[in-house]
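What follows is one structure encoded as structure tokens, with my remarks underneath.
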Amino acid sequence: MEGVVHTGTDASAFKECFSLTWKNPYVLRLAFSAGIGGLLFGYDTGVISGALLYIRDDFKSVDRQTVLQESIVSMAVAGAIIGAAVGGWMNDRFGRRMAILIADFLFFIGAVVMASAPNPALLIVGRVFVGLGVGMASMTSPLYISEASPAKIRGALVSTNGFLITGGQFLSYLINLAFTNAPGTWRWMLGIAGLPALLQFILMLLLPESPRWLFRKGREEEAKVILRKIYPADDVEKEIQDLKESVEAEIREEGCAKINMMKLLKTKTVRRGLIAGVGLQVFQQFVGINTVMYYSPTIVQLAGFASNKTALLLSLVTAGLNALGSIVSIYFIDRTGRKKLLLISLFGVAISLGLLAGVFHETTSHTPMVSRIQTSHFSNYTCPDYSSATNPGAWDCMKCLKASSPDCGFCASPTDKLLPGACLLSNDTVKDLCHDESRLWYTRGCPSKYGWLALVGLALYIIFFSPGMGTAPWIVNSEIYPLRFRGVCGGIAATANWISNLIVAQSFLSLTEAIGTSWTFLIFGVISVVGLLFVIVYVPETKGLPIEEIEKMLETRSLHFRFWEKSQKPQEKKSQAV
């Protein structure tokens with residue numbers, strides 16, 4: 001999911017990480033305690049996709065109104081935008097530890113409100129609280145880990161935050177499956193998130209503040225005590241001196257550099273960096289990743305799988321592949337390069353979305369017919385629109401599901417779901433009658449022999465997206481800006497990511513209703529192709545380049561269309577020109 005900082009590290013960094021943390025468990029305790037914020041972030045992203053299936057069953061207003069479903073999902077994203085913005089100020093004013101404690105409190109309150117919500121309005125309020133906590137934790141957890149880790153293993157420990165996010169998504173699908181038969185289903189799914197928030201709150205009470213923040217606030221003796229616990233005795237004095245000099249330089253830089261938007265846009269290197277960085281963040285969301293993470297069980301049902309439990313089980317595959325992809329990216333990001341990996345990723349994503357568009361076109365245009373005989377078997381529950389239709393013989397499953405006065409559902413044939421079935425009123429009584437005769441009940445998608453191809457398309461989409469577009473945009477954004485502008489530019493790019501996330505989450509179901517699932521995925525596919533062209537033209541390769549060389553490259557940058565060839569570094573070009 002994608003909306004969190006990842007850092008490029010290789011396998012050797014992780015070996016050293018395991019070695020050092022084994023010798024000094026205190027460092028691992030710091031990283032793990034803060035990393036629970038990443039787990040909460042991932043859990044909330046994944047859990048709503050399964051919970052939504054059962055929320056629709058409990059609240060009929062949610063089932064009837066697509067905008068309510070989208071609001072339940074996207075209000076957490078809206079809260080996260082505010083949480084991330086406020087979190088930046090809170091981090092500087094009150095410290096990293098306090099920001100995490102407040103994020104946990106908000107997350108816990110949100111989980112309790114959601115679990116006890118008597119109506120959709122209060123459920124949405126709970127989602128906003130959770131979103132505020134997620135937004136604060138998403139930026140504070142990596143920051144705390146980074147500032148409280150030995151320099152040699154900093155990248156590896158920060159990357160574990162990314163693993164915990166994708167791990168949290170995978171865990172949420174397992175929890176969803178575990179509670180499918182429990183009374184209150186979705187209330188357990190959403191409420192259980194309060195437990196890790198409570199655990200992190202207790203653990204963080206027992207841990208110190210970030211030593212870097214303490215230095216900035218003039219509390220040097222407190223910082224030195226913490227640093228002596230983190231670093232070996234041989235290294236600690238040098239680290240204390242380096243940190244002191246770094247913080248002093250940072251404060252001097254802040255004092256003399258008044259950054260505003262006009263200054264950013266007038267600086268060529270920053271402007272070109274922002275175009276590449278913000279563009280990548282926007283394309284990361286607009287190729288549809290969070291529609292898959294937020295709505296994957298719903299997408300599986302649209303492909304023709306009726307059961308909520310089956311939809312959740314099949315969606316577990318996408319969550320598992322996403323977690324695996326974040327690990328794969330660590331191996332390839334420094335070997336293949338950012339740009340090449342982005343292009344391979346976008347090419348695969350475009351192909352996968354094309355496959356999904358084709359599959360959903362077939363599933364909606366070739367659906368079982370409605371049988372008058374099958375429908376008359378449930379004579380008291382016939383869909384009113386079907387009864388009053390001038391040409392009921394032309395009705396198929398998809399036309400039945402589009403009936404809206406009132407809503408109708410499709411009860412499949414008991415012998416073969418692809419044979420003609422019954423078009424009936426959509427309510428719990430009829431659903432139970434249909435199930436009592438060992439028939440499948442459809443209200444989202446229709447029975448189809450092509451449904452398994454949709455699963456293949458979703459799996460391919462995640463396989464291509466996760467290692468490239470899932471991680472590389474964040475890595476490029478951490479490298480492409482001049483040091484003095486990195487904080488503000490990174491904030492602009494992250495905000496663009498969250499806002500794009502909100503737009504996609506709030507519009508996906510409405511798009512599928514307005515133009516169909518097939519056209520919706522086709523639009524995402526076209527955006528992927530545009531994104532591929534954007535990367536070729538605007539995104540430079542930053543692999544292995546020091547910050548100074550990246551600045552020079554942006555200053556004198558020419559288009560490098562042959563991305564498969566190794567580009568020359570700025571100083572190499574100068575030497576050839578002499």
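Just so it is clear, the values below take in all heavy atoms, side chains as well, and ignore hydrogens, waters and symmetry mates. Computed from a predicted model, the values in this text were never measured in an experiment.
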Subject >> Closest approach of S528 to V287 (non-hydrogen atoms, all atoms of both residues) >> reply: OG-CG1, 3.4 Å

**OP:** Find the distance between SG (C446) and NZ (K417) and round it off to the nearest 0.5 Å.
**Re:** 11.0 Å

Original post:
With side chains defined as the heavy atoms from C-beta onward, is the minimum distance between I351 and F347 less than 4.5 Å?
Top reply: yes

**OP:** Using a 4.5 Å cut-off on heavy atoms from C-beta on, say whether the side chain of T517 contacts that of T364.
**Re:** no

**OP:** Answer yes or no for C400 and C423: SG-SG distance under 2.5 Å.
**Re:** yes

Original post:
Ring centres of Y295 and F508 under 6.0 Å apart?
Top reply: yes

Original post:
Does the side chain of M114 come within less than 4.5 Å of V47's, by heavy atoms?
Top reply: no

Original post:
Rounded to the nearest 0.5 Å, how far does CG of L509 lie from CG of L68?
Top reply: 11.5 Å

**OP:** Mind running side chain to side chain donor-acceptor pair (under 3.5 Å) on S466 and N322 for me, showing each step along the way?
**Re:** CA-CA 6 Å; S466 186; N322 192 40; 3.2 Å; yes

Subject >> Within 6.0 angstrom of K60 NZ, more than 12 heavy atoms from elsewhere >> reply: yes

Subject >> Candidate list F179, Y54, F59, test ring pair (Phe, Tyr, Trp, His ring centres under 6.0 Å), partner W186, passing option >> reply: F59

Original post:
Should L455 and V317 be marked as a side-chain contact (heavy atoms from CB on, under 4.5 Å) after you check the CA-CA gap, both sets of side-chain angles, and the distance that decides it?
Top reply: CA-CA 9 Å; L455 298 179; V317 176; over 6 Å; no

Subject >> Rounded distance (nearest 0.5 Å) linking atom CD1 of I48 with atom CG of N176 >> reply: 9.0 Å

**OP:** Answer whether the closest heavy-atom distance between the side chains of D57 and T185 falls below 4.5 Å.
**Re:** no

Original post:
Atom OG1 of T520 and atom CG of L356: how far apart are they, to the nearest 0.5 Å?
Top reply: 11.5 Å

Original post:
Checking side-chain contact (heavy atoms from CB on, under 4.5 Å) for the pair S426/W441: CA distance, chi angles, key distance, verdict?
Top reply: CA-CA 9 Å; S426 179; W441 176 248; 4.1 Å; yes

Subject >> F286, CZ: over 12 other non-hydrogen atoms inside 6.0 angstrom >> reply: yes

Subject >> Donor-acceptor pair, side chain of Q284 and main chain of P473, under 3.5 angstrom >> reply: no

**OP:** Mind listing the closest non-hydrogen atom pair of G525 and A350 along with its distance?
**Re:** O-CB, 4.3 Å

Original post:
Any chance CZ of F378 has more than 12 other-residue heavy atoms, nucleotides or ligands included, within less than 6.0 Å?
Top reply: yes

Original post:
Do side-chain atoms of Q200 reach the backbone of A34 as a donor and acceptor pair under 3.5 angstrom?
Top reply: yes

Original post:
Does R444 come within less than 4.0 Å of D63, counting only side-chain N to carboxylate O?
Top reply: yes

**OP:** Let me see the working for L316 and L312 under side-chain contact (heavy atoms from CB on, under 4.5 Å), right down to the final yes or no.
**Re:** CA-CA 6 Å; L316 190 63; L312 283 172; over 6 Å; no

Donor-acceptor contacts under 3.5 Å from residues 407-414 side chains, at least two apart:
| unit_1 | atom_1 | unit_2 | atom_2 | d |
| --- | --- | --- | --- | --- |
| S413 | OG | T415 | N | 3.4 |
| S413 | OG | T415 | OG1 | 3.1 |

**OP:** Go through S49 and Y173 one step at a time and tell me if the side chain to side chain donor-acceptor pair (under 3.5 Å) criterion holds.
**Re:** CA-CA 9 Å; S49 63; Y173 282 81; 3.2 Å; yes

Subject >> Test item: R439 side-chain N/O and C434 main-chain N/O as donor-acceptor pair under 3.5 Å >> reply: no

**OP:** Can you measure from OH (Y381) to OG1 (T429) and round to the nearest 0.5 angstrom?
**Re:** 6.0 Å

Subject >> Donor-acceptor pair, side chain of Q169 and main chain of G42, under 3.5 angstrom >> reply: no

Subject >> F524 and F521 aromatic ring geometry - parallel, tilted or perpendicular at 30°/60° bounds >> reply: perpendicular

Subject >> L106: which of I109, D104, I102 passes side chain to side chain contact (heavy atoms under 4.5 Å, CB included) >> reply: I102

Subject >> Nearest atoms (heavy-atom pairs only) where S371 meets T375 >> reply: O-OG1, 2.8 Å

Subject >> Heavy-atom side-chain proximity of V504 to N290 below 4.5 angstrom >> reply: no

Original post:
Step by step, would you call I523 with I527 a side-chain contact (heavy atoms from CB on, under 4.5 Å)?
Top reply: CA-CA 6 Å; I523 288 171; I527 292 172; 4.0 Å; yes

Subject >> OG1-CG distance between T382 and N380, expressed to the nearest 0.5 angstrom >> reply: 8.0 Å

Subject >> Heavy-atom pair with the smallest gap, counting every atom of M136 and A99 >> reply: CE-O, 3.5 Å

Subject >> Cationic N near anionic O, under 4.0 Å, K449 to D416 >> reply: no

Subject >> Short side-chain to backbone donor-acceptor contact, W188 and T180, under 3.5 Å >> reply: no

Original post:
Of all heavy-atom pairs between L190 and A111, which one has the smallest distance, and what is that distance?
Top reply: O-CB, 3.9 Å

Subject >> Student check: side-chain heavy atoms of I175 and Y43 closer than 4.5 Å >> reply: yes

Subject >> Validation row: L502, Q285 side chains within 4.5 angstrom (heavy atoms) >> reply: no

Original post:
What heavy-atom pair brings S345 and F464 nearest, and what distance separates the two atoms?
Top reply: OG-O, 2.7 Å

Subject >> Any Q301 side-chain heavy atom under 4.5 Å of Y442 side chain >> reply: no

